[in-house]
Asks: 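Pasting a structure below so you can have a look.
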Amino acid sequence: MRRFLTCWFIIVAAFCTDAAHAQMKATAQNVPEIPYDSVRNFLTLPPNLYLGEAIGVATNSKEHLFVYTRSANTRLFEFDQNGKYVRELGEGLYGFEFAHSVRVDPEDNIWVVDEGTNLVIKFNPQGRVVMVLGHRPEVVAGAVATPTGPAPPAEKYTFSRPTDVAWDPQGNIFVSDGYGNNRVVKYDKNGRFLKQVGSEKAGSAPGQFNLPHAIAADSKGNVYVSDRGNNRTQVFDNDLVFKTSFENVGTAWTVCISPGPHQYLFTSNSNPNGNPPGSWDITGEIYKMELDGTILGKFGHASKQLGGFQVVHMMDCRNPNEVIVAEIESWRVQKLVLKPPQTKISLAN
């Protein structure tokens with residue numbers, strides 16, 4: 001019965017997402033192409049162990065890679081800096097049902113966001129659960145009915161299909177909450193609610209969201225949100241006050257900010273699930289930007305072949321010259337080695 005309900009949830013979620021959020025061609029002009037190579041056979045898995053949909057990727061300070069994947073079950077794998085399999089974390093965990101993202105914080109704690117259980121889960125570096133945000137619906141209540149009519153008000157400590165998590169330098173936690181709600185929530189480092197922006201209702205005004213799909217924070221505590229349904233990335237200060245938005249790089253599926261003294265912003269105009277007609281002609285690329293929105297270049301394209309992308313769902317950019325991407329429909333993770341742009345940088349229109 002559990003497997004049936006899980007499959008039903010996946011089918012309905014995918015259908016509703018594709019129907020409600022169309023992909024948009026980027027309007028940025030004269031953007032230089034960034035050459036890159038894809039590292040072949042990047043990951044080494046043990047015999048009879050396979051990736052399903054590659055939903056999330058993140059690296060720690062040792063350059064170990066964590067892959068969050070949807071297959072027969074949601075699973076979290078760790079690989080070393082050479083791509084060799086190390087271990088599985090959280091096997092059989094109650095909070096694993098329908099993976100959505102994985103992140104690693106500055107202290108090498110591993111965080112996962114599970115859309116199916118409405119949970120944000122923190123593992124310590126040893127792989128033990130040390131914090132849980134959100135609440136999974138009780139099993140005895142049965143399958144959660146598809147809501148009808150106006151959405152109920154969003155609650156402080158309960159999510160509705162959350163999508164991603166980030167932190168500022170003080171350790172405050174930001175959660176994008178995501179498919180059922182349309183908001184970003186700020187908690188302190190101990191998980192105490194502080195503030196939210198957006199609400200349970202979708203909207204297109206500044207500070208409103210229509211599927212906040214990913215989130216990241218820079219070294220000053222500014223928060224960047226992939227507002228996927230509105231085809232933009234919104235930027236907020238540390239108190240979640242709207243600052244600006246970037247609306248010229250297509251539909252923002254995911255966002256990544258590199259560490260270090262000079263930070264870069266990466267955002268993906270991913271080709272959508274199901275490859276609807278014409279989508280490959282206008283989507284599939286990833287943009288490298290300054291934090292102020294200046295576009296430095298783009299790379300990638302929609303393709304099933306190695307070096308192309310089949311629905312990039314998440315990226316890791318700890319090294320801004322070696323971007324790691326997780327793809328849904330090709331069931332793979334690619335390591336991309338970027339080269340200097342070959343044309344003169346020009347600003348987007």
Side-chain angles (χ1 to χ4, degrees), residues 1-17 20-21 53 55-56 68-70 73-76 89-90 92-103 109-123 129-167 173-188 190-202 209-215 225-226 228-229 254 313-314:
M1 175 60 73
R2 178 180 177 183
R3 179 68 53 79
F4 170 80
L5 292 176
T6 300
C7 292
W8 174 86
F9 179 87
I10 293 172
I11 292 169
V12 171
F15 174 81
C16 292
T17 299
H21 304 287
E53 294 180 338
I55 296 301
Y68 201 28
T69 177
R70 301 171 184 164
N73 298 294
T74 281
R75 305 177 78 172
L76 177 61
L89 290 78
L93 188 71
Y94 180 65
F96 281 6
E97 186 66 44
F98 196 60
H100 202 272
S101 70
V102 59
R103 300 279 188 179
N109 300 298
I110 306 105
W111 297 66
V112 297
V113 179
D114 196 285
E115 180 190 341
T117 58
N118 294 326
L119 297 178
V120 178
I121 304 165
K122 176 183 178 182
F123 296 87
V129 175
V130 294
M131 180 184 287
V132 177
L133 295 174
H135 175 73
R136 177 173 182 166
E138 302 296 339
V139 175
V140 294
V144 178
T146 301
T148 59
E155 300 179 26
K156 292 181 178 179
Y157 297 102
T158 302
F159 304 123
S160 183
R161 299 177 63 192
T163 54
D164 205 357
V165 62
W167 316 268
I173 306 161
F174 298 85
V175 177
S176 52
D177 179 36
Y179 280 92
N181 290 319
N182 291 277
R183 63 175 181 164
V184 169
V185 192
K186 180 180 180 180
Y187 301 91
D188 70 13
N190 298 311
R192 182 174 64 90
F193 175 89
L194 297 176
K195 189 176 181 181
Q196 75 171 35
V197 62
S199 68
E200 69 281 359
K201 299 177 181 178
F209 304 102
N210 187 0
L211 179 48
H213 196 253
I215 192 169
V225 184
S226 293
R228 180 173 145 191
T254 186
H313 194 264
M314 198 169 188

Asks: Kindly indicate, with the supporting measurements, whether the criterion side-chain contact (heavy atoms from CB on, under 4.5 Å) is fulfilled by Y94 and T117.
Replies: CA-CA 8 Å; Y94 180 65; T117 58; over 6 Å; no
Asks: Which pair of heavy atoms, one from V225 and one from P212, lies closest together, and at what distance?
Replies: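 Taking every non-hydrogen atom into account, CG1-CB, 3.8 Å.
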Asks: State, without any angle test, whether S176 and D164 hold a side-chain donor-acceptor pair at a distance under 3.5 Å.
Replies: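 Not at all, the side chains of S176 and D164 share no donor-acceptor pair under 3.5 Å.
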Asks: Rounded to the nearest 0.5 Å, what's the gap from OG1 on T163 to NE2 on H213? Could you check?
Replies: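 It comes to 6.5 Å.
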Asks: Atom OG in S199, atom CG in N181: separation rounded to 0.5 Å?
Replies: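 Result: 8.0 Å between the selected atoms.
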Asks: Residues two or more places apart in sequence or in another chain: which of them pass side-chain contact (heavy atoms from CB on, under 4.5 Å) with A202?
Replies: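 A202 satisfies side-chain contact (heavy atoms from CB on, under 4.5 Å) with N182, N210 only.
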Asks: Identify, with sequence neighbours excluded, every residue that meets salt bridge (charged side-chain N to carboxylate O under 4.0 Å, His left out) alongside K201.
Replies: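 Once residues adjacent in sequence are excluded, K201 has no partner under the salt bridge (charged side-chain N to carboxylate O under 4.0 Å, His left out) criterion.
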Asks: For the residue pair G191 and I173, what are the closest heavy atoms and their distance?
Replies: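 Heavy atoms of G191 and I173 come nearest at N-CD1, 4.5 Å.
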Asks: State, with a plain yes or no, whether a side-chain heavy atom of F123 is found less than 4.5 Å away from one of L93.
Replies: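 Heavy-atom side-chain distance check passes, below 4.5 Å.
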Asks: Rounded to the nearest 0.5 Å, how far apart are OH of Y68 and NE2 of H100?
Replies: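 NE2 of H100 is found 10.5 Å from OH of Y68.
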Asks: Is the backbone N or O of G134 less than 3.5 Å from a side-chain atom of N118, with the two atoms forming a donor-acceptor pair by type?
Replies: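 Looks like no, no N/O pair under 3.5 Å.
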Asks: Side chain of D188, backbone of N190: donor and acceptor closer than 3.5 Å?
Replies: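 Present.
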Asks: Are R70 and F98 in a cation-pi contact, defined as NZ or CZ under 6.0 Å from the six-membered ring centre and within 45° of the axis?
Replies: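 Because its charged atom sits under 6.0 Å from the ring centre and within 45° of the axis, R70 does stack over F98.
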Asks: Rounded to the nearest 0.5 Å, how far apart are CG of L76 and CZ of F96?
Replies: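 If we round to the nearest 0.5 Å, L76:CG and F96:CZ are 5.0 Å apart.
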Asks: Taking the side chain as everything from C-beta on, heavy atoms only, tell me whether V175 gets closer than 4.5 Å to I215.
Replies: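 They are not in contact (no side-chain heavy atoms under 4.5 Å apart), so the answer is no.
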Asks: So how far is it from D177 CG to T158 OG1, rounded to the nearest 0.5 Å?
Replies: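 These two atoms lie 9.5 Å from each other.
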Asks: Between T74 and A99 (side chain of the first, backbone of the second, donor and acceptor by atom type, cut-off under 3.5 Å), is there such a pair?
Replies: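 Yes; judged by distance alone, with no hydrogens or angles, the pair exists.
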Asks: Would you call W111 and V120 a side-chain contact if the rule is heavy atoms closer than 4.5 Å?
Replies: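 Sidechains of V120 and W111: in contact.
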Asks: Can you sort out the partners of F193 under side-chain contact (heavy atoms from CB on, under 4.5 Å), two or more places apart, ordered by chain and number?
Replies: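 F193 satisfies side-chain contact (heavy atoms from CB on, under 4.5 Å) with K156, Y157, V185, Y187, Q196 once adjacent residues are dropped.
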Asks: For residues H135 and E155, determine if any side-chain heavy atom of one lies less than 4.5 Å from a side-chain heavy atom of the other.
Replies: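 When only atoms from C-beta onward are counted, E155 and H135 do not touch, as no gap falls below 4.5 Å.
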Asks: As an exercise, state the distance from CZ of R228 to CG of L211, rounded to the nearest 0.5 Å.
Replies: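 Taking CZ in R228 and CG in L211, the distance rounds to 5.0 Å.
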